[in-house]
Amino acid sequence: MNSTEATGAGRALPPHTFILFGATGDLARRKLYPALYDLFQDKLLPERFAVVGAARRSYTDESFRDELRAALEEFGRNSIEPELWEQFAKHFSYCAVDVRNPEEFKKLNEQVRKVEQAFDIPEQRVFYLAMAPEFFGEVALHLYDSKLSDVKGWRRLIIEKPFGRDLSSAETLNSQLREVFEEEEIYRIDHYLGKEMVQNIEVLRFANSIFEPVWNNRSIANVQITSSETVGVEDRASYYERSGALRDMVQNHMLQMVMMIAMEPPSRLKTEAIRDEKVKVLRSLRRFSENEVKAHVVRGQYGEGPDKSGKTLPAYRNEHGVDAASNTETFIAARLYIDNFRWAGVPFYIRTGKRMSVKATEIVIQFKDMPRMYFNQEGQLLPNLLVIRVYPEEGISIQLNAKRPGTDGTVVPVAMEFSQEPDNSPEAYVRLLYDGIQGDSTFFTRWDEVSLAWKFVDPIAAAFRDGIPPLSEYESGSFGPAASNELVEHDGFVWWPVTGQSQPPAEQAPERQHLPGRPVG
Ligand SMILES: NC(=O)C1=CN([C@@H]2O[C@H](COP(=O)(O)OP(=O)(O)OC[C@H]3O[C@@H](n4cnc5c(N)ncnc54)[C@H](OP(=O)(O)O)[C@@H]3O)[C@@H](O)[C@H]2O)C=CC1
Ligand SMILES: O=C1O[C@H](COP(=O)(O)O)[C@@H](O)[C@H](O)[C@H]1O
């Protein structure tokens, strides 16, 4: 693959030192090193750059580079070219730091200055916190005290999710960070915003004149956003037990996709103008009382179920590290309302869960039915759908109705299909690192987005604590509890099948044909 083409970015990044806290962790190995290597291979990293890895483990520069290489071999998308590897690896060094010990930041400061001299890098520093959020505030403080954050050039702080576990903890964390960094210097990662098709929503909507006239409650019947996973909790029980699907997926990724679909056209395609419009969506998002949570939210937890080979997968409550009486939700479906002029009355259905039958992220926009006077085929006339496939097979399809060739006058659904070339999109982290290092925060989360998202989520979390709505068990390998279907069917709709793959024309997909559109009346 020619990944420069794929990254879609042409300009090399400015000289900088990338100080990576959590350099020995899973995220660094799985995502960040492969992304840095892709950028290097694409000649998007400048000559004058250095990465200083920081964590407690006692690595030498050499053994750190060995780990780096192993991570690239295991998780990288591209094969490692020996010559390129030599050039890449020499930019990496390691400093053993326990972030709870302020003294150790002095050592890190010396190391950073040393590499800045060696590579002739101006004081332009990116601090990336790939470690547990409980450390974020402390790290910021020690960066200040040690003068590491005191630079003549620019500095940026990139932080991972989760950003707090409710509004109050998020506010505390934000004020800790803001004691050292300006809002413009803080880059809060939501990796869904780095996904090609999520970024493409903006282009689809604002570069095509056919959509804007119908992008509203006069033409759209409902919006369905699904992010389903096949994996269970894996080895993250200690985090997930306190988080659940609501905090893990809804507060961030699902709401980000809602915002991208629902936002008004920004005054300019500039960072703050785009973020302003996204924030307005959250301001219009209806906040639920406990009774409304009961009516609009479904929560589930996976039970046992067969895997592909027929072996029984354990129920969530039997997973390692999970409380045997846990009430943590591993699935959520909800009916959201955006109470503004454009969207009043249009339900936005979202659902996300672990241990479901497919790994897929899809957005389906269902248009309103035509009057049935011409082609009333006893409920067989399907609605027009716009399907945005975010994962795995990135693409867009539009479902239309057309005449079946011949004389019987039958109307059949057909799909117009655009598929992104496989493997031609950069990993979300490649794009996000590129944007973050160059100081483009469009696809990062601004503080007011985070705080409004928590204001929406907190009352739902409170209702969950009161046992509202009841937690429904669903079988591993299914598509969530029956209550999720009932939520949508109550309004006369169905969840459209989600596969994450380009669909054959609907004519050849009979399971789609018997699905009703919105019933008349
Ligand atoms: N893993 C993933 O795919 C994803 C992770 N995230 C987020 O990224 C962050 C990191 O996650 P992940 O990499 O999985 O976590 P890991 O537990 O794998 O890594 C944690 C890192 O922090 C270091 N660390 C722990 N304590 C200290 C300390 N006192 N001083 C210095 N370093 C310390 C560890 O190194 P050492 O033990 O050597 O000190 C290790 O490098 C979290 O916020 C997580 O939510 C977000 C999305 C996906
Ligand atoms: O942030 C998270 O996202 C992943 C799902 O991301 P995807 O890119 O694979 O769709 C999820 O598994 C994880 O629990 C959550 O923390």
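Fair warning: this is a prediction, and the values are worked out from it, not measured in the lab. Whatever order the structure lists them in is the order used to number ligands and atoms, beginning at 1.
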- Message: Taking side-chain contact (heavy atoms from CB on, under 4.5 Å) as the criterion, tell me which of Q199, M249, M254 meets it with Y192.
- Response: M249
- For R65 and A89, indicate whether the former's side chain and the latter's backbone hold a donor-acceptor pair under 3.5 Å.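 Checked: pair present.
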- Task: Below 4.0 Å from any atom of ligand 2, which residues have a heavy atom? Give them in chain and number order, please.
- Result: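 Near ligand 2, by chain and number: K161, H191, Y192, K195, E229, R236, D248, M249, H253, K354, K359.
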- Within 45° cone and under 6.0 Å: R431 NZ/CZ vs F443 ring: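 Pair R431/F443 does not count as cation-pi.
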- Query: Is E182 salt-bridged to R178, cutoff N-O under 4.0 Å?
  - Reply: yes
- Query: Does the distance from a Lys or Arg side-chain N to an Asp or Glu carboxylate O, for E110 and R113, drop under 4.0 Å?
  - Reply: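 No, this pair does not count.
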- Given R355, which of E229, E319, E475 fulfils the salt bridge (charged side-chain N to carboxylate O under 4.0 Å, His left out) condition? E319
- Could you please spell out the steps behind the side chain to side chain contact (heavy atoms under 4.5 Å, CB included) verdict for T230 and K359? CA-CA 5 Å; T230 49; K359 166 77 182 158; 4.1 Å; yes
- First-shell residues of ligand 1 [heavy atom, distance under 4.0 Å]: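 Contacting ligand 1 under 4.0 Å are G22, A23, T24, G25, D26, L27, A55, R56, R57, V97, D98, V99, R100, A130, M131, P133, F135, E160, K161, P162.
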- Message: Ring centroids only, cut at 6.0 angstrom: are F18 and F49 within range, meaning strictly under it?
- Response: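 Ring centroids of F18 and F49 are no less than 6.0 Å from each other.
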- Query: Does a sphere of radius 6.0 Å around CZ in F40 hold more than 12 heavy atoms from other residues, nucleotides or ligands, not counting ones at 6.0 Å or beyond?
  - Reply: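 Counting neighbours around CZ of F40, more than 12 heavy atoms of other residues, nucleotides or ligands fall under 6.0 Å, so yes.
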